[in-house]
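Note sheet for the following structure.
Fair warning: this is a prediction, and the values are worked out from it, not measured in the lab.
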Amino acid sequence: MGSAKLKIGGAWSGVLEVELEEWTVLMLREEVAKRSGHGGGPGTINLICAGKLLKDGDGTEKLSQLGVRNNAKILASRVSVDQGKSVKEESLAEEERSTRLSRLKAAAVSLSARHADGSLPVEDFNLELENQSGQKVQLGSETDQRAIMMGLMLHANAKALMRKKKYKEALEVLTMGEEAFSLCDQKLIEMVDNVPILQIDMVWCYFMLRDISWLSVAGVRLAKAREGLERSHGKEASRLRLLQKGRYPEIALHLRLELLEGVVAYHSNQTEKSRKSLTSAQTKFLQLQIPDEALSLLLGMGYKERDSKRALRMNNQVVENAVDFLVEEKEKKARKRVDDLKRQKEIMEQKCYGTTPLGKAVDIERLNELVSIGFEKELAAEALRRNDNDTQKALDDLTNPEANSSIQIHIESRKKKRLRQAANASIEELVSMGFPREAVAAAIRSLGTRQAAIDHLLQGTSITAGAGDHNADNTLPNDQGGDAIANDPLTNDQSEDGSGTNAGSSSDGGPSHNKVETRDVEMEDEITGELLKGDAYSDYDIEVTEEGEAINEYLALITVGVNVELGSSS
């Protein structure tokens, strides 16, 4: 067999004449590495042909034995010099990654369960679903809310991994996110664009890993993504354009979609389809390039470079619209800060009221309704708590003299209990400083405040305990308010009467909430941190530099292929 021509693209573009019966993969990689002028040698070059990564094997297999034919198209890509790790290192890394994924999934399940069912959050914030205008939305049942919330958490975490170039880990998290979204009513999912964007992100990870084994599923994912975007955004993004007041947030997303469609078509030997997709993606890439003059104008107004570029990309490079966008975003963030502070105060207030028999927080909106018609707030809150936020039953108790009196007695008992708990906490703190327990208890009881007790104890004078102070050497007595559980501090999983979150639920057959949940605080903080950093435009805010390079790389491959074919026919 004579010499054959191979069309190379990527790290180096051109045509190589080789002897397929003589050349090995290593020889081809050495030649491509030499011609590319890239340091690091053949170990830094990967070769992909017909959807398969060409491997050295035992070093004796020839290109013809690996299925490489005359005029074959080969993609050459650079890899890190230290990409080859030892088997032990790989094994340890895999074990660590598996452990992290398990923790991540467990934390996402825990967070979505706590924040989707109305339970009293242990944090000082609520995770709530919002639309692109920042308005709170309620989608479907509690199960649907939980599934969507979990999917969004995992997707946000995967995006953070993608920004760090950890595409393999990101792909695993995206797969879990896809599973979470699949648990939601599909009619609800079709209304939003989160799943189509997740599909595009998955294929982008495939592409960045240069893993051609995804080829068979990538096309299917991209077809679903395109269909989903059209369904949620409308034909030619007409619905999105209306919602976004004429803005163009989706261009970068469609650029990435069309690039990936072009890559899949290329590796499926659909050259014309690939050229069409890549050319369209290139047009969008050029459309997203920021004019220096426009950027300079916004920077001169005091806006940050990243914010300025984002605003210009979202508004088709129109400076006036970009300024309006920046002003709106600033106002939106200010409103969100106010809303978040308000919600934090509401959560702290809810924690004071305790939880209902079914473990839910007191509903602030229903509480405000009762207060607006003249009921005292703490009284109304306790009535709602006892009745699982049933406004009518709470109203019945509030207007029933006997039930109302019982609620007031309970509230007074609870106040006294809080005072005892605060005092006992102060006693334990001062005893831990080395002061005698008996002297501390007497000082706290007589002087009332921790600081006054400290000042007194430091003076060295004593307070004589009265005859009735049998508990002076221990904690404060337990006879105030008749509550038998005085020394146990309240937790977020107990109602304020000390009975636990399932108070009264045994008779109603309700679930028990006495079990204290073990939280992975570190992983939960990581998840919520990514969510809290994002906004309505985060999914569309794509830096397209890598996309631009990939478009040029594949268009060059197509051009090389056409030129060689034209040359061979003459």
Task: Closest heavy-atom pair and its distance - A170, C205 - done: CB-SG, 4.0 Å

Open item on the list: Go through it in stages, so that I can follow the logic: the residues are E169 and L101, the test is side-chain contact (heavy atoms from CB on, under 4.5 Å), and I'd like the CA-CA distance, side-chain angles, deciding distance and then a yes or no.
Closed with: CA-CA 8 Å; E169 292 90 337; L101 283 172; over 6 Å; no

Task: N/O donor-acceptor pair under 3.5 Å between R239 side chain and S232 backbone - done: yes

Task: The single option from R226, K224, R221 passing side chain to side chain donor-acceptor pair (under 3.5 Å) against Q199 - done: R221

TODO: Using the side-chain contact (heavy atoms from CB on, under 4.5 Å) rule, pick out the option among L298, L297, V319, V323 that qualifies with S308.
DONE: L298

Task: Under 3.5 Å: donor-acceptor pair, side chain of N400, backbone of E402 - done: yes

Task: Beyond-backbone contact of L253 with L229, side-chain heavy atoms, under 4.5 angstrom - done: yes

Open item on the list: If you define the side chain from C-beta out and look only at heavy atoms, does anything of N389 sit under 4.5 Å from L367?
Closed with: no

- [ ] Report the distance from atom CZ of R146 to atom CG of L183, rounding to the nearest 0.5 Å.
- [x] 11.0 Å

Open item on the list: Please give me the minimum heavy-atom distance between F375 and L398, naming the atom from each residue.
Closed with: CE2-CB, 3.6 Å

Task: Separation of L257 CG from L222 CG (nearest 0.5 Å) - done: 6.0 Å

Task: Side-chain heavy-atom pair N316, N321 within 4.5 angstrom cut-off - done: no

- [ ] Measure centre to centre between the rings of Y540 and Y248, then say whether the value is under 6.0 Å.
- [x] no

Task: Where R437 and I427 come nearest, the two heavy atoms and their spacing - done: NH1-CG2, 4.0 Å

TODO: Heavy atoms only: give me the nearest D185-D144 pair and the separation to one decimal.
DONE: N-OD1, 3.1 Å

Task: Close side-chain approach of E365 and N368, heavy atoms under 4.5 Å - done: no

- [ ] Go through the structure and list residues passing salt bridge (Lys or Arg N to Asp or Glu O under 4.0 Å) with K187, not counting sequence neighbours.
- [x] none

Open item on the list: The test is side-chain contact (heavy atoms from CB on, under 4.5 Å); show your working for N157 and M153 and say whether it passes.
Closed with: CA-CA 6 Å; N157 187 270; M153 290 179 197; over 6 Å; no

Task: Non-neighbouring partners of E429 that pass side-chain hydrogen bond (donor to acceptor under 3.5 Å, both in side chains), sequence neighbours left out - done: R450

Task: Any side-chain donor near an acceptor of the partner, Q392 and D396, under 3.5 Å - done: yes

Task: Between D539 and H155, a side-chain donor and acceptor under 3.5 Å - done: no

Open item on the list: Once side-chain hydrogen bond (donor to acceptor under 3.5 Å, both in side chains) is applied, do any residues pair with K377, and if so which ones, sequence neighbours excluded?
Closed with: E349

Open item on the list: Taking R103 first and then E526, would you say they form a salt bridge - that is, a charged N and a carboxylate O separated by under 4.0 Å?
Closed with: no

Task: Side-chain touch L154/K105, heavy atoms, less than 4.5 angstrom - done: no

Open item on the list: Taking the side chain as everything from C-beta on, heavy atoms only, tell me whether E328 gets closer than 4.5 Å to K332.
Closed with: no

Task: Nearest-0.5 Å distance that lies between atom NE2 in H410 and atom OG in S405 - done: 13.0 Å

Open item on the list: When you measure from the side chain of S446 to the backbone of A443, do you find a donor-acceptor pair of N or O atoms at a distance under 3.5 Å?
Closed with: no

Task: Closest heavy-atom pair and its distance - Y353, V362 - done: CB-CG2, 3.8 Å

Open item on the list: With a sphere of 6.0 Å drawn around CD of Q186, does it hold more than 12 non-hydrogen atoms of other residues, nucleotides or ligands?
Closed with: yes

Open item on the list: Apply ring pair (Phe, Tyr, Trp, His ring centres under 6.0 Å) to residues F325 and Y303 and explain how you reach the verdict.
Closed with: CA-CA 12 Å; F325 176 84; Y303 294 112; over 10 Å; no

Open item on the list: Using 0.5 Å steps for rounding, measure from the CG atom of L295 to the CG atom of L299.
Closed with: 4.0 Å

- [ ] Look at atom NZ of K159 and say whether more than 12 heavy atoms of other residues, nucleotides or ligands are closer to it than 6.0 Å.
- [x] yes

Task: Under-4.0 Å salt bridge between K415 and E378 - done: yes

Task: Taking every non-hydrogen atom, the tightest pair across T399 and P401 - done: O-CD, 3.5 Å

Open item on the list: Quick check on side-chain contact (heavy atoms from CB on, under 4.5 Å): which of V192, I189, V195 does C184 satisfy it with?
Closed with: I189

- [ ] State, without any angle test, whether D193 and H233 hold a side-chain donor-acceptor pair at a distance under 3.5 Å.
- [x] yes

TODO: Would you sort out whether K393 and D388 count as a salt bridge (charged side-chain N to carboxylate O under 4.0 Å, His left out), showing the intermediate values?
DONE: CA-CA 9 Å; K393 289 182 180 178; D388 274 314; over 6 Å; no

Task: Under 3.5 Å: donor-acceptor pair, side chain of T175, backbone of L171 - done: yes

Task: Salt-bridge contact R231-E227 (side-chain N to carboxylate O under 4.0 Å) - done: yes

Open item on the list: Test: salt bridge (charged side-chain N to carboxylate O under 4.0 Å, His left out). Region: residues 366-376. Which pairs qualify, not counting sequence neighbours?
Closed with: D363-R366

Task: E320: side-chain hydrogen bond (donor to acceptor under 3.5 Å, both in side chains) partners, not counting sequence neighbours - done: none

TODO: Applying side chain to side chain donor-acceptor pair (under 3.5 Å), run through D340 and Q344 and close with a yes or a no.
DONE: CA-CA 6 Å; D340 288 346; Q344 283 179 11; over 6 Å; no

Open item on the list: The criterion is side-chain hydrogen bond (donor to acceptor under 3.5 Å, both in side chains); which residues satisfy it with R306, sequence neighbours excluded?
Closed with: D541

Open item on the list: In the structure I gave you, are the side-chain heavy atoms of E382 and S406 within less than 4.5 Å of one another anywhere?
Closed with: no

Open item on the list: I need the single residue from R163, R313, K309 that forms a salt bridge (Lys or Arg N to Asp or Glu O under 4.0 Å) with E543. Which is it?
Closed with: R313

- [ ] May I ask you to say whether R343 pairs ionically with D339, meaning some side-chain N is under 4.0 Å from a carboxylate O?
- [x] no

- [ ] Return yes if a side-chain donor-acceptor contact under 3.5 Å exists between D455 and Q451, otherwise no.
- [x] yes

Open item on the list: Within this structure, what is the CG-CG distance for the pair L395 and L370, rounded to the nearest 0.5 Å?
Closed with: 6.5 Å

Open item on the list: When you measure from the side chain of R256 to the backbone of V544, do you find a donor-acceptor pair of N or O atoms at a distance under 3.5 Å?
Closed with: no

- [ ] Quick one: pull up CG in L312 and CD1 in I290 and give me the separation to the nearest 0.5 Å.
- [x] 5.0 Å

Open item on the list: Counting C-beta onward and ignoring hydrogens, is there a side-chain heavy-atom pair between E250 and Q244 closer than 4.5 Å?
Closed with: no

- [ ] Verify whether one side chain among D397 and N387 offers a donor that lies under 3.5 Å from an acceptor in the other.
- [x] yes

Task: N/O donor-acceptor pair under 3.5 Å between S110 side chain and A107 backbone - done: no

Open item on the list: Any carboxylate oxygen within less than 4.0 angstrom of a Lys/Arg side-chain nitrogen, looking at K168 and E172?
Closed with: no

